[in-house]
Amino acid sequence: MRSHLLILLISLLILKSESINCDENSHTSDLRVFHINSQCSPFKTSASWEDTLLQDKARFLYLSSLAAAKKSSVPIASGRVIVQSPTYIVRANIGTPAQPMLVALDTSNDAAWIPCSGCVGCSSSVLFNPSKSSSSRTLQCQAPQCKQVPNPSCTVNKSCGFNMTYGGSAIEAYLTQDTLTLANDVIPNYTFGCINKASGSSLPAQGLMGLGRGPLSLISQTQNLYQSTFSYCLPNSKSGNFSGSLRLGPKFQPMRIKTTPLLKNPRRSSLYYVNLVGIRVGNKIVDIPTSALAFDPATGAGTIFDSGTVYTRLVEPAYLAVRDEFRRRVKNANATSLGGFDTCYSGSVVYPSVTFMFAGMNVTLPTDNLLIHSSAGNLSCLAMAAAPTNVNSVLNVIASMQQQNHRVLIDVPNSRLGISRETCT
């Protein structure tokens, strides 16, 4: 009985489908939709499900390409191998037509600066030539950006000049604007310094791109495009590949990521401060004076994340406490020194873990982020040191080696910094 009903039902459906009027439309504003293989379709084919699967695959690749095209991701490499610099670099195309440069990333600086043709003292053979760019223009003294650079001056031809120091080096430059291209993103009228004189050996050879919070940083100049949000993953410093990435804008940032509030210091407004509340060595929270970790806008004290410093620096009381507990937990081995590192061991040693405890998140360093290995012999050293006795003596700096193979998210609108483990070497 059931089989007879089923046959009857199928017959009725077939009759119904055969009686479809492909031209009828019940509402004049309705567009009728047919499957491509329906009897009303003029494109009806005899495609098999295997053919359809191949079409789906092609469609998926197309959709993936659309998604990739909208993803503002710039490859990052260690400059150690490529340009013999301890900084991390990205490819930036400047001008029209584009002139490629390998510029260093610096999360604690604002203005970008590039060595330009005619520069005296610049170490790079790759120089940007503004005269060969149809989109280049020099900014005059009255331009508002001229008030945002350090030590501004008005040159003989009324252009905006400035001078500044970087590490142990000094530069003289003038402000210019030109088109900047990062990955697939074109940024017109990008303001940067054109270096015409340089001294010292600590300058990134092909220039620098500031990712700080100041008005001339990339993040501030592209606020409408990237909404003051970016993240980066730094590959191992010994890698010669562009396997790291700088992701610009809120899209495609990690959803599941541990975060801590960003703090702002009006006296050092470019820096990304966070609240470091403690440090754990092994399973022990080290006894560190509260003042050594406290955030103090009046003095600039506190803790920052910085991509330009190579090894983490802790104010002396904090470093000594961490170092002493680290040494205590390394059994049956005596610590030696190597250069600026005072906690080094040779041979097979079991090392304790080190965990940075921030407000709202803990970050335990993998061994690769904790130890530096000597190229000669089998010596391994704790890759941290005490802060220098200068203006930064009150500042704890979480440096690039401790950030390697992590995704670091800077989300200024939501005042948060996030970290998640990500292998990008």
Open item on the list: Checking side-chain hydrogen bond (donor to acceptor under 3.5 Å, both in side chains) between Ser133 and each of Thr176, Thr96, Asp178, which is the one that passes?
Closed with: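 Output: one option passes, namely Asp178.
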- [ ] Could you please spell out the steps behind the side chain to side chain donor-acceptor pair (under 3.5 Å) verdict for Asn405 and Thr423?
- [x] CA-CA 5 Å; Asn405 290 312; Thr423 302; 5.1 Å; no
Open item on the list: For a quick test of reading the model, state the closest non-hydrogen atom pair linking Val330 to Pro352 and the distance between them.
Closed with: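 Of all heavy-atom pairs spanning Val330 and Pro352, the closest is CG2-CD, 3.8 Å.
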Task: Asp368 to Met401 - nearest heavy-atom pair and separation - done: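 It is O-CE, 3.3 Å.
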Open item on the list: Please report the interatomic distance CG(Asn369) to OG1(Thr364), rounded to the nearest 0.5 Å.
Closed with: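 Asn369 atom CG to Thr364 atom OG1 measures 11.0 Å (nearest 0.5 Å).
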Open item on the list: Run the side chain to side chain donor-acceptor pair (under 3.5 Å) test on Asn236 and Ser239 for me, step by step, so that the C-alpha distance in whole Å, both residues' side-chain angles and the decisive distance to 0.1 Å come before the verdict.
Closed with: CA-CA 5 Å; Asn236 186 287; Ser239 170; over 6 Å; no
Task: Close side-chain approach of Ser135 and Thr179, heavy atoms under 4.5 Å - done: yes
TODO: Measure from the ring center of Phe358 to the ring center of Phe305 and say whether it is less than 6.0 Å.
DONE: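 Yes, the ring of Phe358 comes within the 6.0 Å limit of the ring of Phe305, centre to centre.
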Task: Test applied, side-chain contact (heavy atoms from CB on, under 4.5 Å); reference residue, Ser231; option that passes from Asp411, Leu409, Leu246 - done: Leu409
Open item on the list: As a test of understanding, state which of Leu248, Val74, Leu218 forms a side-chain contact (heavy atoms from CB on, under 4.5 Å) with Phe230.
Closed with: Leu248
Task: Residues Cys160, Cys146; criterion disulfide (SG to SG under 2.5 Å); working and verdict - done: CA-CA 6 Å; Cys160 177; Cys146 199; 2.1 Å; yes
TODO: Answer yes or no: is the gap between the SG atoms of Cys119 and Cys116 smaller than 2.5 Å?
DONE: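 With an SG-SG separation of 2.5 Å or more, Cys119 and Cys116 do not form a disulfide.
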Task: Backbone of Asp306 reached by a side-chain donor or acceptor of Thr309 within 3.5 Å - done: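 Not a single qualifying donor-acceptor pair exists.
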Task: Expected output: side-chain Thr222 to main-chain Leu225 donor-acceptor under 3.5 Å - done: no
Counting only heavy atoms not in [X], do more than 12 fall under 6.0 Å of its [atom1]?
X      : atom1 : value
Asn334 : CG    : no
Asp287 : CG    : no
Gln253 : CD    : yes

- [ ] Carefully, step by step, assess Ile171 and Leu203 under the rule side chain to side chain contact (heavy atoms under 4.5 Å, CB included).
- [x] CA-CA 9 Å; Ile171 65 169; Leu203 293 175; 3.4 Å; yes
- [ ] With side chain to side chain contact (heavy atoms under 4.5 Å, CB included) as the test, would you mind laying out the steps for Leu379 and Thr336 before giving the verdict?
- [x] CA-CA 9 Å; Leu379 209 60; Thr336 60; 4.1 Å; yes
Open item on the list: Assess, by modelled atom type and distance only, whether the side chains of Arg213 and Asn265 contain a donor and an acceptor separated by less than 3.5 Å.
Closed with: no
Task: Pair Tyr166-Asn109, side-chain donor/acceptor within less than 3.5 Å - done: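 Looking only at side-chain atoms, Asn109 and Tyr166 do not form any donor-acceptor pair under 3.5 Å.
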Task: Cation-pi, Tyr319 ring and Arg313 (6.0 angstrom, 45 degrees) - done: no
